[in-house]
Amino acid sequence: EIYSKRLSSPQWKISDFEIGTPLGRGKFGRVYLAREKNTEYMVALKMMFKSELVKDHMEHQVRREIEIQTHLSHPNILKLLTYFWDEKKIYLILEFAQEGELFKVLNAQPNKRFDEPTAAYYLQQVAEALRYCHSQSVIHRDIKPENLLLFSHHVVKLADFGWSVHAPSKSRNTMCGTIDYLPPEMVDSQTYNEYVDNWCLGVLCYEFLCGAPPFESSEQAETFRKIRAVMYGFKPHMSESSRHLISKLLLKVPKSRLPLTDVIEHPWIKKNCEIFVKTKLQ
Ligand SMILES: CC(C)NC(=O)[C@H]1CCC[C@H]1Nc1nc(Nc2ccc(C(=O)N(C)C3CCN(C)CC3)cc2)ncc1C(F)(F)F
C-alpha cells in the first residue's frame, strides 16, 4: 500500500500519518515514530524546517540524500519510503528501526564493545551494504556507529547518505561530527575514491572490538597526525585474525586496502558469523 500509493498518486501528505513518540534529533531535524493511517504501517518521520535548511545551506545535502537514497535498494541500507513537503517543512518517510541506534547499543555493552561474533555479524552487513553502494558508484564517506541502525534479528542498516557522493570526488565540505573515521587522503583533502569506505570499515571494526576508534586522541591535531602516520595499536584481547583484517584495511594507499569482497570472505568474518548464527540467532 505504502509503495503502490507512491506509484499511483505521487503526493503523500502529513495528514496521512499519525505522529507518535519523538525518536530523537537527526542532523537537520526531528525524527518521530509515525503510523500511516490506512495500513497502520509504522515508519520513522524525519521533519525538517525549510528555513533551517536554507539558513545552514543544507538544502543541497538533503537533496543529495533524497536523490541517492531513493535510488538505492538493499537489505542493509535504510529505505527512504517516500518524501513530501508543505510550505514550511520537508518530510522524509523512512523505515523504522525497532532496536534503535547502534552507537547506543555499543555504548551500553560491558566495556562498550561487542564480542567477536557480534562485531563480525554487524561488520559483514555493513560491508555488504558498502559493496552494493560501490556497485552503484556511491561512496558513503561517513561510516561510523552513529550512522547505523539496528532492526530485529540483529539486522543492521546503513543510514544518513547526507555525506555520500558519486565516485570519484573531491572533498568540498568540512566534515561535521567525529574526525576519527577520516582516512589519510581526506585528512590531506586530496581526491579520493570509494576506498575511503574500506578504511572506515577498518576503523569501525576496531571500535566494535575495542570500544573506541584506533586514532582517538584528546587533541584533534594529534588524531590527524596518527591517521596520517597510520599509528595505532591493538588491544591485548584482540584475536590474531581480527588484527589481520584490520591491518589490511587501515592502509595508507587506498587501492591496497582489502576489497569488500575479501572482507566478507575473510576467515575472521566467516568463522565469527557462523558462531553468531549458531549461538545468538537460534
Ligand atoms: C541514522 C541517523 C544518523 N540517525 C537518526 O536518524 C536518529 C536520529 C533520531 C532517531 C534516529 N533515526 C531513526 N531511528 C529509528 N529508530 C529508533 C531510534 C531511537 C530509538 C530509541 O532508542 N528510543 C526512542 C529511546 C527509547 C528510550 N528512551 C528513554 C530514549 C529514546 C528507538 C528506535 N528508526 C529510523 C530512524 C531514521 F533514521 F529513519 F530516522
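Whatever order the structure lists them in is the order used to number ligands and atoms, beginning at 1. Just so we're clear, the structure is a prediction, and the values are computed from it rather than from any experiment.
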**Prompt:** Can the ring centres of Trp268 and Phe208 be said to be less than 6.0 Å apart?
**Reply:**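 No, they do not, as the ring centres are separated by 6.0 Å or more.
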
**Request:** Assess the pair Phe17 and Trp12: is the distance between their ring centroids shorter than 6.0 Å?
**Result:**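 Yes, they do, as the ring centres are separated by less than 6.0 Å.
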
**Message:** With rounding to the nearest 0.5 angstrom, report the CD to NE2 distance, Glu99 to His153.
**Reply:**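 Result: 9.5 Å between the selected atoms.
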
Could you pull out the N/O contacts under 3.5 angstrom between ligand 1 and the surrounding protein atoms?
{"unit_1": "ligand 1", "atom_1": "16 (N)", "unit_2": "Ala97", "atom_2": "O", "d": "2.9"}
{"unit_1": "ligand 1", "atom_1": "34 (N)", "unit_2": "Ala97", "atom_2": "N", "d": "2.9"}

**Request:** Only counting residues at least two apart or in another chain, list the ones meeting side chain to side chain contact (heavy atoms under 4.5 Å, CB included) with Ala127.
**Result:** Leu201, Val263, Ile264

**Asked** Under 3.5 Å, is there a donor-acceptor pair between the His154 and Tyr122 side chains?
**Response** yes

**Asked** Could Lys88 and Phe49 be counted as a cation-pi pair, given that NZ or CZ must be under 6.0 Å from the ring centre and within 45° of the axis?
**Response** no

